[in-house]
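Quantities reported herein were computed from a predicted structural model and do not represent experimental measurements.
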Amino acid sequence: MFITGYAVMAGAAERLVLGYDSFGNICGRKNTPVKGAPLSGQDMTNKKYVFFLNSCSLEMQSLKISSVSLCVSSCPQEQLNSLEDLQSFARNNGSCLCVYNLNVSSYTLNPKAAELCPTLPVPPSKSFPLFNRCVPQHPECYSKYASVLISMVNEMDVFHRILSGILAGRDTVIGLSVLALAFCFIVVLTFRFIRTLLVHTLIALVVFGLLFVSGVLWWLYYDYRNDPSTELETQKENVKFLLGYAIFSTIITIVLLSLILVLRKKLQFTVQLFQIVGKMISRIPFLLFQPLWTFLILIVYWIFWVAVLLSLGTAGTAQTTSEGQVEYRALSGICYMAWYHFVGLIWTSEFILACQQMTIAGAVVTCYFNRNKNSPPRHPVLSSISIIFCYHLGTVVKGSFLIAILRIPRIVLLHLFNILKQKESACAKCLLKCCSCWLWCQEGCLSYFNQHVYTTTAINGTSFCTSAKDAVHILAKSSAEFASISCCGDFIIFLGKVFVVCFTVFGGLMAFNYHRELQAWVVPLLLVGFFAYLMSHSFLSVFEVTLDAMFLCFAIDMETNDGSAEKPYFVDQELLV
């Protein structure tokens with residue numbers, strides 16, 4: 001909470017993209033006064049563009065451009081040769097190109113007008129789409145201006161360039177998140193009313209999506225790599241990220257296609273298994289609404305997380321100069337706070353998803369171990385939620401924390417791998433890559449095992465460690481054939497998640513590819529893919545957790561009962577039809 005409050009007070013995320021003038025005003029919004037700066041605190045709602053008074057001879061020192069900048073409502077489309085032209089432009093367009101304290105009527109009368117107005121002649125300019133700057137169109141001025149802007153962006157650290165890309169593409173990110181939500185609803189309906197034809201259709205779409213996305217990524221990498229205009233660090237980073245995405249997507253495609261070929265013979269059993277799961281969900285229809293609440297909570301948290309991240313990235317102190325201008329000094333240690341904030345994203349997101357998994361597991365356990373099938377328990381979902389928050393919140397915290405501590409080292413190893421790329425240490429890179437893949441496999445296995453731990457906790461009411469021991473004992477004794485069918489069902493659910501991510505990422509590739517200027521759009525695309533996977537995981541976990549919970553309940557039922565009159569099975573015969 002300290003980081004959150006500090007970032008909100010010290011940061012101004014709009015400065016990253018909207019731009020600000022030399023007097024502490026952020027263009028495009030209403031500002032608050034800065035002490036010691038008499039021209040600060042102005043309403044710049046209608047003045048969205050940054051205009052430099054000396055745009056043809058800019059110089060940069062320590063990420064600062066040595067020219068007074070102003071917020072203006074429009075950029076001059078034609079060359080202005082005199083103070084009279086500046087005055088006429090201000091009166092006709094409502095855009096004042098001189099310092100704010102100089103009245104328009106005084107442009108030609110004030111003896112200091114030459115110092116307070118732009119250097120003449122003022123070249124025609126157009127607004128730049130990303131940083132909202134007035135870019136001069138005169139060839140010599142444009143060349144000088146572009147070189148300074150490129151140097152400024154290249155000297156920014158990776159963290160700030162990523163934040164710039166997120167802010168610039170925020171509307172696209174929101175639109176893609178809505179698209180991912182729509183795909184989630186489609187897949188949920190598919191699994192709820194699943195039939196053999198739908199399974200084959202889903203698999204065909206997943207295969208098509210994987211092949212198509214991999215092909216598009218390789219094409220974009222080739223296109224960017226051979227683009228002669230690639231000068232900015234953000235563009236070079238796009239090329240590196242695209243190569244990594246293309247390789248990763250290709251590997252995932254090959255692995256999934258191989259698994260589909262191996263498991264294709266068990267599709268019919270999988271369809272029957274999902275029909276059984278559908279019968280259980282029909283008894284607890286409110287389970288289908290559970291992901292909606294989880295999704296809304298995740299959305300609120302993600303918006304809050306991104307807002308704090310942007311504030312952290314732009315946190316700084318405003319300092320006034322002797323001329324009444326304002327300079328923002330970046331604060332040290334912000335990057336370390338950002339890493340801490342990133343750990344919070346992983347752990348909190350996993351905690352929210354774990355609460356949903358345990359809620360579903362508790363509701364399924366309550367209905368499964370109900371002797372009177374004609375009188376199902378009332379409000380099993382609400383009952384499960386209350387039990388979690390009263391008795392088993394520590395179990396959920398431990399499970400989500402274990403996943404987080406496995407995921408964080410993997411991210412660190414990938415970061416070290418990227419550093420060693422430049423040093424050409426083949427052995428070290430190979431070792432780090434193998435360790436990262438091993439941690440990824442362990443993370444997936446732990447996530448799957450945690451689901452069984454939550455179910456065991458719901459059945460026995462025991463702690464996390466005791467439930468983990470019991471889950472291992474039960475799984476070791478379970479039928480290998482039934483377990484393989486259950487794993488096949490989990491694989492089909494995973495393909496549903498891949499479907500959502502693939503088509504969301506494809507939409508992102510098409511959308512972001514039209515906005516290449518100065519934008520590290522591959523990182524926002526990765527963020528979109530991550531959010532799409534979490535959304536699909538949130539929605540499809542209803543079927544996944546129900547399937548795994550029923551499997552564990554069935555295993556315990558078979559172990560503790562023999563079907564006799566004294567020890568009848570809890571399993572509903574209708575579910576085995």
Side-chain angles (χ1 to χ4, degrees), residues 1 3-4 7 162-163 166 170 173-174 176-181 183-184 188 290-312 337-361 385 388-389 392-412 414-415 439-440 442-451 453-454 464 493-494 496-498 500-501 504-505 508 523-542 544-545:
M1 290 301 294
I3 288 181
T4 301
I162 289 173
L163 290 180
I166 292 174
R170 59 190 181 275
V173 169
I174 294 172
L176 290 172
S177 299
V178 174
L179 180 64
L181 178 61
F183 283 134
C184 286
V188 166
Q290 182 64 27
L292 184 60
W293 309 123
T294 304
F295 170 73
L296 291 176
I297 294 172
L298 283 172
I299 285 294
V300 171
Y301 172 68
W302 290 338
I303 292 173
F304 174 74
W305 184 87
V306 170
V308 174
L309 179 68
L310 295 175
S311 296
L312 281 173
M337 288 184 175
W339 279 109
Y340 176 80
H341 190 52
F342 184 71
V343 172
L345 169 69
I346 297 174
W347 190 1
T348 307
S349 298
E350 290 295 339
F351 172 78
I352 295 171
L353 292 172
C355 285
Q356 174 184 284
Q357 292 172 3
M358 196 161 182
T359 299
I360 297 170
I385 293 174
I388 290 171
F389 283 93
H392 301 308
L393 206 58
T395 298
V396 179
V397 170
K398 289 176 184 176
S400 57
F401 177 71
L402 287 176
I403 295 177
I405 62 176
L406 274 180
R407 191 167 291 179
I408 293 166
R410 181 163 61 88
I411 295 172
V412 172
L414 289 175
H415 180 66
L439 285 173
W440 182 69
Q442 293 296 107
E443 179 188 322
C445 293
L446 180 61
S447 179
Y448 178 75
F449 179 69
N450 275 345
Q451 292 183 13
V453 174
Y454 299 147
F464 180 86
I493 293 173
F494 177 72
K497 300 175 186 178
V498 173
V500 174
V501 174
T504 303
V505 168
V523 176
L525 182 62
L526 179 63
L527 194 64
V528 167
F530 173 71
F531 287 168
Y533 178 78
L534 283 182
M535 274 191 278
S536 62
H537 179 70
S538 174
F539 279 85
L540 294 181
S541 63
V542 173
E544 187 175 8
V545 177

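Looking at Leu298 and Leu353, their side chains come closer than 4.5 Å, going by heavy atoms from C-beta outward. Looking at heavy atoms from C-beta onward, Phe304 lies out of side-chain contact with Val300 at the 4.5 angstrom threshold. Counting heavy atoms from C-beta on, the side chains of Thr294 and Phe539 never come closer than 4.5 Å. Considering only heavy atoms from C-beta on, Leu393 comes within 4.5 Å of Phe351 through its side chain. Counting only heavy atoms from C-beta outward, the side chains of Leu345 and Trp302 approach each other to under 4.5 Å. At a threshold of 4.5 Å between non-hydrogen side-chain atoms, the residues Ile405 and Leu402 count as touching.
Shortest non-hydrogen contact noted between Ile360 and Val542 is CD1-CA, 3.6 Å. Contact record, Tyr454 with Thr395: CE2-O, 4.0 Å, taken as the closest heavy-atom pair. Nearest heavy-atom pair across Ala361 and Val545 is N-CG1, 3.8 Å. Between Thr504 and Val500, the shortest heavy-atom distance links the atoms OG1-O, 2.7 Å.
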Q) After noting the C-alpha distance and the side-chain angles of Gln290 and Ile385, does the key distance pass the side chain to side chain contact (heavy atoms under 4.5 Å, CB included) rule? A) CA-CA 11 Å; Gln290 182 64 27; Ile385 293 174; 4.2 Å; yes

Q) Taking it one step at a time, do Val396 and Phe389 satisfy side chain to side chain contact (heavy atoms under 4.5 Å, CB included)? A) CA-CA 10 Å; Val396 179; Phe389 283 93; over 6 Å; no

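Looking only at distances, a side-chain donor or acceptor of Ser536 sits under 3.5 Å from a matching main-chain atom of Tyr533. Although no hydrogens or angles enter the test, the distance criterion places a donor-acceptor pair under 3.5 Å between the side chain of Ser400 and the main chain of Val397.
Taking CD1 of Ile388 as the reference point, atom CE of Met358 lies at 5.5 Å (rounded to 0.5 Å). For the atom pair Phe494 CZ and Lys497 NZ, the distance stands at 7.5 Å (nearest 0.5 Å). Rounding to the nearest 0.5 Å gives a distance of 8.0 Å between CG of Leu292 and CG of Leu181. The distance from the OG1 atom of Thr348 to the NE2 atom of His341 is 9.0 Å, given to the nearest 0.5 Å. Taking CH2 from Trp293 and CD1 from Ile297, the interatomic distance works out to 9.5 Å, rounded to the nearest 0.5 Å.
Shown are Met535, His537, Gln356; of these, the side-chain contact (heavy atoms from CB on, under 4.5 Å) with Pro291 is made only by Gln356.
Using cut-offs of 30° and 60° for the angle between ring planes, the Trp347 and Phe401 rings count as tilted.
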